[in-house]
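Along the sequence shown, the residues carry numbers beginning at 1. Counting starts at 1 for both ligands and their atoms, following the listed order.
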Amino acid sequence: MKVLIVGSGGREHAIAYAVAKSSRVDKIYCAPGNAGIEEYAECVNIGAMELEKLADFAKEKEIDLTIIGMDDPLVAGVVDVFEAKGLRVFGPRKNAAILEGSKAFSKDLMKKYNIPTAAYETFSDAEEAKKYLETSDYPIVLKADGLALGKGVLICNTKEEAMEGVKTLMLDKQFGSAGDKIVIEEFLTGREVSVLCYCDGTHIAPMTSAQDHKRAKDGDKGLNTGGMGTFSPSPFYTKEVDEFCKKYVYQPSMDAMKAEGRDFTGIMFIGLILTEKGPRVLEYNARFGDPEAQVVLPRMKNDIIDVMEACIDGKLDTINLEFEDNAAVCVVLASDGYPLAYEKEKLITGLENFKDKDDYYVFHAGTKKTAEGIVTNGGRVLGVTAKGATLKEARANAYEATKWVDFENKYMRNDIGKAIDEA
Ligand code: AMP
Ligand code: GLY
């Protein structure tokens with residue numbers, strides 16, 4: 001069969017790797033893709049937000065399955081556009097992708113259906129928000145309602161910071177219309193865990209757990225980024241946590257969406273925080289995490305096409321998800337300066353060192369092929385993933401492998417997976 005993947009990051013490279021492993025797939029396309037994805041796929045120059053063009057391409061090439069990697073096209077309704085043309089596509093429709101597209105929607109849903117989350121209020125008026133902040137407890141969390149590349153969340157330690165935050169989001173509109181509405185919520189403390197779940201509209205199947213490192217600098221300092229590294233599984237995701245989430249989070253989230261007439265098909269990414277009072281949902285996303293996908297997919301034993309088709313056909317209950325009994329760690333190699341300004345077009349050397357090494361992967365994020373070779377083309381450049389029998393072994397392997405590649409201004413965190421030592 002023929003598969004089209006939509007996106008251009010490390011996540012889409014990890015998806016392409018999983019799709020290429022399927023014995024059912026003869027041909028892979030990726031739009032727009034990157035230099036690493038070219039190893040598995042023919043990259044086509046159509047942007048992820050060119051919804052009609054993407055669907056026309058899929059129709060013309062008789063694509064059997066399209067996989068949407070990114071959030072923006074999902075929230076914009078790419079799945080509806082494909083379905084209207086009779087095309088098979090993996091991802092939630094627009095009316096379900098709102099789970100990621102609007103934080104106010106997801107908070108209201110959790111409140112209505114008693115899914116455990118932080119207490120909150122929603123505001124469309126900056127003055128009302130400021131009035132509320134006069135009498136709040138600190139720290140407190142401000143969230144832009146809409147998509148903001150994972151950067152629309154402000155943790156405010158003081159009233160002054162929070163007032164400034166309201167200005168940034170609602171008046172200065174740093175994230176555009178994403179800040180027309182904001183959610184102000186209770187600050188929670190605990191370990192964070194990401195659980196990505198396959199969904200078929202009725203059934204939900206959680207994958208193995210993972211933990212991201214969102215801040216740019218060691219010790220969780222610096223600015224929020226898309227994610228600087230991950231490990232899987234999380235040693236803090238215990239049997240008790242799993243049982244709690246199965247009872248109070250996963251199926252209840254699916255049922256809630258169904259009850260609202262918004263059947264959710266695709267990947268429901270549930271961001272959890274493990275508080276003293278138990279797990280709480282921090283956020284939902286409507287797609288694979290990046291770089292969570294780079295540690296979860298290499299450990300998945302199932303044929304990804306079988307699983308995705310079962311999701312589309314409402315037959316996820318016939319699939320038994322299986323993961324290898326090992327661990328994986330991904331360290332992101334970024335361009336120094338990310339998530340702010342950084343330089344591009346730096347030659348990347350050493351990529352060939354990953355060839356024929358079974359438990360090592362170099363997933364491309366911001367890369368580009370030129371006449372001189374493959375060069376950097378983004379903030380997050382590569383995701384170096386390694387497996388190991390244990391988390392510690394996987395971490396040592398991943399850091400060893402970060403030495404195999406080089407480019408000018410290469411930057412990484414040196415403490416990805418440090419939490420493992422505290423487990
Ligand atoms: P979100 O995009 O909602 O996951 O938020 C991004 C990051 O902000 C999360 O991964 C947490 O580290 C942090 N965060 C979000 N909400 C809260 C909260 N209520 N309490 C503490 N930290 C939070
Ligand atoms: N790594 C977090 C995300 O993909 O949203």
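Taking a cut-off of under 4.0 Å to the non-hydrogen atoms of Glu185, the atoms of ligand 1 that pass are 16 (N), 17 (C), 18 (C), 19 (N). Residue contact check: Ile155 has heavy atoms under 4.0 Å from atoms 13 (C), 14 (N), 22 (N), 23 (C) of ligand 1. Atoms of ligand 1 found under 4.0 Å from any heavy atom of Val153, numbered from 1 in the order shown, are 1 (P), 2 (O), 3 (O), 5 (O), 6 (C), 8 (O), 15 (C). Residue Gly289 approaches ligand 2 through these ligand atoms, each under 4.0 Å from one of its heavy atoms: 4 (O). Shown in contact with Gly226 at under 4.0 Å from a heavy atom are these atoms of ligand 2, numbered in order with element: 1 (N), 2 (C). In summary, the atoms of ligand 1 found under 4.0 Å from a heavy atom of Val141, numbered by their order in the structure, are 16 (N), 17 (C), 18 (C), 19 (N), 20 (N). For ligand 1, the atoms sitting less than 4.0 Å from at least one non-hydrogen atom of Phe187 are 20 (N), 21 (C), numbered in the order shown with element in parentheses. Here is the list of ligand 2 atoms found below 4.0 Å of a heavy atom in Asp212: 1 (N), 2 (C). Of all atoms in ligand 1, numbered sequentially from 1 with element shown, those under 4.0 Å from a heavy atom of Lys214 are 10 (O).
Judged by a 6.0 Å distance limit and a 45° cone about the ring axis, Arg299 is not positioned over the six-membered ring of Phe323. Tyr284 does not carry Lys103 over the face of its six-membered ring by the limits of under 6.0 Å from the centre and within 45° of the normal. Relative to the ring axis of Phe269, Arg287 places its NZ or CZ within 45° and under 6.0 Å from the centre.
Counting heavy atoms closer than 4.0 Å to ligand 2, residue Gln211 contributes nothing at all. Contacts between Glu292 and ligand 2, counted as non-hydrogen atom pairs separated by less than 4.0 Å, involve the side chain only. Looking at Asn285 against ligand 2, only its side chain comes within 4.0 Å, counting heavy atoms.
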Can Lys131 and Glu127 be said to form a salt bridge (charged side-chain N to carboxylate O under 4.0 Å, His left out), step by step? CA-CA 6 Å; Lys131 209 155 84 190; Glu127 288 314 310; over 6 Å; no
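Atom-to-atom distance recorded for Leu351:CG and Trp404:CH2 is 12.0 Å, nearest 0.5 angstrom.
Ring geometry for Phe363 against Tyr361 counts as parallel: the plane angle stays under 30°, on a 0 to 90° scale with 60° as the upper cut. Tyr29 and Phe57 have perpendicular rings, their planes meeting at more than 60° on a 0 to 90° scale where under 30° would count as parallel.
The pair Arg395-Asp421 meets the salt-bridge criterion, with a side-chain N (NZ, NE, NH1 or NH2) lying under 4.0 Å from an Asp/Glu carboxylate O. Salt bridge status for Asp358 with Lys387: absent, with no side-chain N to carboxylate O gap under 4.0 Å. Between Lys418 and Asp220, no side-chain nitrogen of the basic residue sits less than 4.0 Å from a carboxylate oxygen of the acidic one, so the salt-bridge criterion is not met.
At least one heavy atom of Lys103 sits closer than 4.0 Å to an atom of ligand 1.
Between the choices Arg287, Arg11, Glu283, the shortest heavy-atom distance to atom 3 (C) of ligand 2 belongs to Arg287. Of the candidates Glu186, Glu100, Lys107, Lys143, the one placing a heavy atom closest to atom 3 (O) of ligand 1 is Lys143.
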